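On a predicted model such as this, the values are computed, not experimentally measured, just so you know. Naming convention: chains lettered A, B, ... in sequence-line order (proteins, then strands); numbering from 1 in each chain.
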Amino acid sequence: MSTEPLLRLEGLTKHFPIRSGLLGRQVGAVRAVDAVDLAVEEGTTLGLVGESGCGKTTLGRCIVRAHDPSGGRMLYRWPDGSVIDVAGLKEKELKPYRGQVRMIFQDPHSSLNPRKTLREIIGEPMRAHGYGTKEEVHARVGDLLDRVGLRPEYADRYPHAFSGGERQRVGIARALALSPRLVVADEAVSALDVSVRAQILNLLTDLQDESGLGFLFVSHDLGIIEHVADVVAVMYLGKVVEQGPTGELYGRPLHPYTEALLSAVPDPDPAARRHRERIKLLGDIADPAHVPPGCPFHPRCVYARDVCRTDPPPLREVGGRRVACHFAEELELRGVPDPDVREDPKVSA
Amino acid sequence: MPADDVLLEIEDLRTHFLLDDGVVCAVDGVDLRVRRGETLAIVGESGCGKSVMARSILRLVDPPGQIEGGRITLHRQDGPVELVGADKRLLRQVRWRDIAMVFQEPMASLSLVHTIGSQIVEAVRLHENVGKAEARERAIDMLERVGIPKPRHRVDAYPFELSGGMRQRAMIAMALSCRPSLLIADEPTTALDVTTQAQILELLRDLQAEFGMAIMLITHDLGVAAQVADRMAVMYLGRVVEYGAAEQVLAAPRHPYAQALLRSMPRLGRASRTRLAAIRGMVPPPFARPDGCTFHPRCDSAMAGRCDTVTPSSVVVGDREVSCLLYDDEQQEREERR
């Protein structure tokens, strides 16, 4: 590779201290993100999946620097080709970075200020970053609304006049206001209804095709991630346990946790129900404040052996993918079957 | 005459909310039947009235909402009872003992200051003449059946001490503690992770096999419905637009809304980065219900001059009931040919 990726994380770590007692002494730490290496390329989408508490949201928030990382590096490539570690930048030095890396939030009802008009909401980042004259901002707000599929005349209305899907479009317009190069979308469509969700996903894909945006798409929904992502990273208790191209990872997972996640997704295909196997997962989500020794997934893993209880598996390269499992080569894990093969019995039914 | 195996029969149910700005017809003429021991999934987007419909059954709709008309008949072993005009005494009897309900957010429906066990004991003792010790044993037994580890210990736990999945299990244990003949589950897994969701759905299936109760599952997720439902009703703007065997509705939906809903879902195993077939427009605001078929402004098969004026009634098409003029015509044609 001649060029650096748009953003590369090296050993990114975020620990939250657990304090207790009168003096507020630190008694432990929640390892929300623990030494994560990942890269987002220009014009592509990195999907981040995992259960709640796996650290995917914290990771996204570290990238936009809403959290300060506790360790590791975040190497961002500027348009001129220079690469800067933004993990160590101070608040004051972050402004240009924040103009290029924007975020779309989950809840369109709480992430828009109800007392401001769409023009003010979408214009805000432009004003903060000195985008241009008032007239230029006005014109751009109109353009942006048009681009996300809203009528420019709506600019002087307030968020309450809009439905959830429309508000999410406003949130997207705001994220795009400064022509960012990287957008972090944290559960950006999870709060929306199915029919509206499809509209928003299509919109995001179109925007990426038009302007070569890099996306970090954080979601617990494997269906959505498969749909939008070029590369998928699966997180468990703050660590990436498997990462690879979407099709390969879904077709033949290498980590037992990926297999368990895939087996848990409810499929509306009635044929799949007959073929369905029981979900291979034991117990409940582990507590990130008490990460088990050895492989963090071993208490829930149906394939766990003695070595898993003691030795933490490193994230290593297996067949062009990365996986953190001692037995990645041995296990024959089930992915998502080919829908065309699967649809046959439906015809005969 | 209802067939023998019908447990709950809803006829032309209308629940309206009388607000200052107008009347919201949240449920606007729903006909449904739940058979004994089977699972009926009610599917639809938010605002389609599925939750209000379910709450109407137990008369849990808060004012300004009120049931404007229709009948809800529960066929008990000792004869049918009518729930729409039922008095408080009858309702108290029916709730929990005949029909129990589980909600989306267990933390909001469990008492925070009582232990799980004491809440189950209270429910059992309100409805059955059993002693404290026996009720407690029943609670422990139920907690064990819903897969809560160490039930003898957890029976004295407070809801905040349990994880989301465990809380939902406790909620289900409580709902089933009086052996209801119908369990209404309103988005029981929506607040949970996929893995926990799969476990809870499996649990519901197992419990149904064991206790034989009917389940009415309300969900916006067609995938969830596919996992557990025997029958399925698709709702749009307060009406049931399609009703039939779940497998067939999912395999070949007839109503254009049901078809569009199924197409717009991202499904595992499809090629990634393809465009999803979105339903155009959005659910209209509650005060401005379109005339005629309420789906016609978003429908690709809408017939100008018909769908925007004529309200479709439910017609039987093959193995299911569909409320769509497309099929109305077909039926007429067939009759004419005869």
* Structure fact -> Note: vs chain A, highest number of non-hydrogen pairs under 4.5 angstrom among B/Ser264, B/Ala252, B/Gly223 is B/Gly223
* To do: Look up atom NE2 in B/His220 and atom CZ in A/Arg197, then write down how far apart they are to the nearest 0.5 Å.
  =>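 Answer rounded to 0.5 Å: 6.0 Å.
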* In terms of heavy-atom contacts, does NE2 of B/His153 have more than 12 from other residues, nucleotides or ligands at under 6.0 Å? ->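 Counting neighbours around NE2 of B/His153, 12 or fewer heavy atoms of other residues, nucleotides or ligands fall under 6.0 Å, so no.
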* Mark yes when over 12 heavy atoms from residues, nucleotides or ligands other than B/Arg152 sit less than 6.0 Å from its CZ; otherwise mark no. =>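 No, CZ of B/Arg152 has 12 or fewer neighbouring heavy atoms, counting only those of other groups under 6.0 Å.
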* Please confirm whether the backbone N or O of B/Val194 pairs with a side-chain atom of A/Glu51, one donor and one acceptor, at under 3.5 Å? =>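 No, A/Glu51 side chain to B/Val194 backbone: no donor-acceptor pair under 3.5 Å.
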* Least distance between heavy atoms, A/Pro266 atom then B/Asp221 atom ->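 Where A/Pro266 meets B/Asp221 most closely, the heavy atoms are CG-OD2, 4.3 Å.
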* Asked: Given a strict heavy-atom distance threshold of 4.5 Å, which part of B/Glu45 is in contact with chain A: side chain, backbone, both, or neither?
  ->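 For B/Glu45, the contact with chain A is made by backbone and side chain together.
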* Below 4.5 Å from any heavy atom of chain A, which atoms of B/Arg263 appear? Answer side chain, backbone, both or neither. => neither
* Using non-hydrogen atoms only, which part of A/Leu262 is less than 4.5 Å away from chain B: side chain, backbone, both, or neither? ->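 For A/Leu262, heavy atoms of backbone and side chain both lie under 4.5 Å from chain B.
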* Asked: Highest number of heavy-atom pairs under 4.5 Å with chain B: which of A/Leu201, A/Asp206, A/Ile224?
  -> A/Asp206
